[in-house]
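Note sheet for the following structure.
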2 protein chains.
Amino acid sequence: MAELDKFDYRLLELLQENSRLTGGALAEKVGLSSAACLRRVQRLRETGVIERDVAVVSPKVFGKRMMVIVLLTMERDRPDRYILMRDAFAKMPEVVQCHHVTGAHDFVLRIQVSDMEEYSAFVERVFHEPYIKRYESLAVLGSLK
Amino acid sequence: MAELDKFDYRLLELLQENSRLTGGALAEKVGLSSAACLRRVQRLRETGVIERDVAVVSPKVFGKRMMVIVLLTMERDRPDRYILMRDAFAKMPEVVQCHHVTGAHDFVLRIQVSDMEEYSAFVERVFHEPYIKRYESLAVLGSLK
DNA sequence: CATTCTTTGCGAAAATCTCGCAAGGATTTG
DNA sequence: CAAATCCTTGCGAGATTTTCGCAAAGAATG
């Protein structure tokens with residue numbers, strides 16, 4: 001994609017907040033015509049600047065009321081495990097986010113479950129493996145964004 | 001909101017993946033008419049089951065290529081600081097996520113910046129405060145989801 | 001089994017998006 | 001510096017999508 005100008009940035013900013021804004025609403029806020037806005041947004045999507053559009057569903061409704069952040073440390077002797085782990089995490093519905101990080105830990109996971117029982121079972125199933133050296137669970141009390 | 005049935009769950013599932021599916025496309029996938037699907041989706045939005053719709057913008061294109069996870073520990077003598085901190089974080093564009101957690105740390109932040117220089121400046125500005133006892137920065141090498 | 005409440009599909013009307021076109025700027029080229 | 005080229009704009013028509021009223025089909029209630 002070519003360069004993005006200030007109009008594009010403004011559009012991205014707005015759509016990141018609310019992707020359902022209509023061409024008219026965008027036009028009003030950025031100072032272009034509706035058609036121009038929509039054309040630009042279309043282009044942003046085609047070129048991959050906007051990767052996708054998603055609905056944010058309240059976790060409560062889904063019954064997943066408990067969130068835990070896990071700091072995971074693996075044994076250092078098997079670096080190939082990293083990719084396997086990553087792929088395994090990708091498939092687990094409880095894992096809503098997975099970051100491979102530098103430093104004392106290897107992964108930071110964000111886990112979403114119904115209750116402590118479910119979390120407990122998850123830990124048992126996933127973390128009690130020989131190549132996992134240590135894991136630290138941080139229960140989330142509240143979140144922003 | 002009343003109870004959600006299997007149609008609602010299916011719709012949520014689909015819209016979480018792609019919120020731009022049209023009524024017709026939804027209809028085809030869930031086996032209801034276009035109007036029925038749209039009515040249900042409308043209701044899911046009104047009742048807050050769908051909290052919002054957002055465009056996912058490629059961080060690279062946005063020039064925010066660096067992601068850092070920060071484990072933050074505050075001094076224990078001022079619990080009221082928590083709320084202030086939280087609100088402060090909410091306003092910072094670098095902070096894309098903020099979780100208040102139990103355990104040794106108080107907050108887990110996800111920070112998105114352009115480069116090390118910007119991160120460095122952010123740390124200087126935000127974390128070098130007397131009520132912040134310790135912070136640990138984990139640079140993100142790669143992520144899922 | 002009648003009543004009431006809810007949800008459906010249909011179809012018309014409203015809103016929104018897409019696209020071709022001519023015009024206005026910006027950039028390049030000679 | 002002007003001509004040529006390229007890019008983006010606003011407009012407006014046409015296509016697509018969403019909203020909404022309505023009658024009917026299902027469920028739930030008593």
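Residue numbers begin at 1 in each chain, while the letters A, B, ... track the order of the sequences. Hydrogens, waters and symmetry mates are skipped; everything else that's a heavy atom, side chains included, is used.
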Can we say R76(B) and D106(B) salt-bridge, meaning some charged N sits less than 4.0 Å from an Asp/Glu carboxylate O?
yes
Between D8(A) and R43(A) (salt bridge meaning N to carboxylate O under 4.0 Å), is one present in this structure?
no
Quick check for you: among dC11(D), dT7(C), dC10(C), whose closest atom lies nearest to any side-chain atom of A35(A)?
dC11(D)
Side-chain contact check for S33(A): nearest option of dG10(D), dT18(D), dT16(C) is dG10(D)
Without decimals, in angstroms, what is the distance between [X] [atom1] and [N] [atom2]?
X	N	atom1	atom2	answer
E28(B)	dT17(D)	CD	P	12 Å
D53(A)	dC17(C)	CG	P	12 Å
R40(B)	dT18(D)	CZ	P	17 Å
L21(B)	dT16(D)	CG	P	17 Å
R39(B)	dT7(C)	CZ	P	10 Å
Q42(A)	dC7(D)	CD	C1'	16 Å
L38(B)	dC10(C)	CG	P	14 Å
L32(B)	dA25(D)	CG	P	18 Å

Check each of T47(A), L12(A), L11(A) against L4(A) using the side-chain contact (heavy atoms from CB on, under 4.5 Å) test, and report the only one that passes.
L12(A)
Residue whose nearest DNA chain C nucleotide is more 5′ - S34(B) or R20(B)
S34(B)
Flag for H99(A)-S143(B): side-chain donor and acceptor within less than 3.5 Å:
yes
With sugar-phosphate meaning primed atoms plus P, OP1 and OP2, does A36(B) contact a base, only sugar-phosphate, or nothing at under 4.0 Å between heavy atoms?
sugar-phosphate
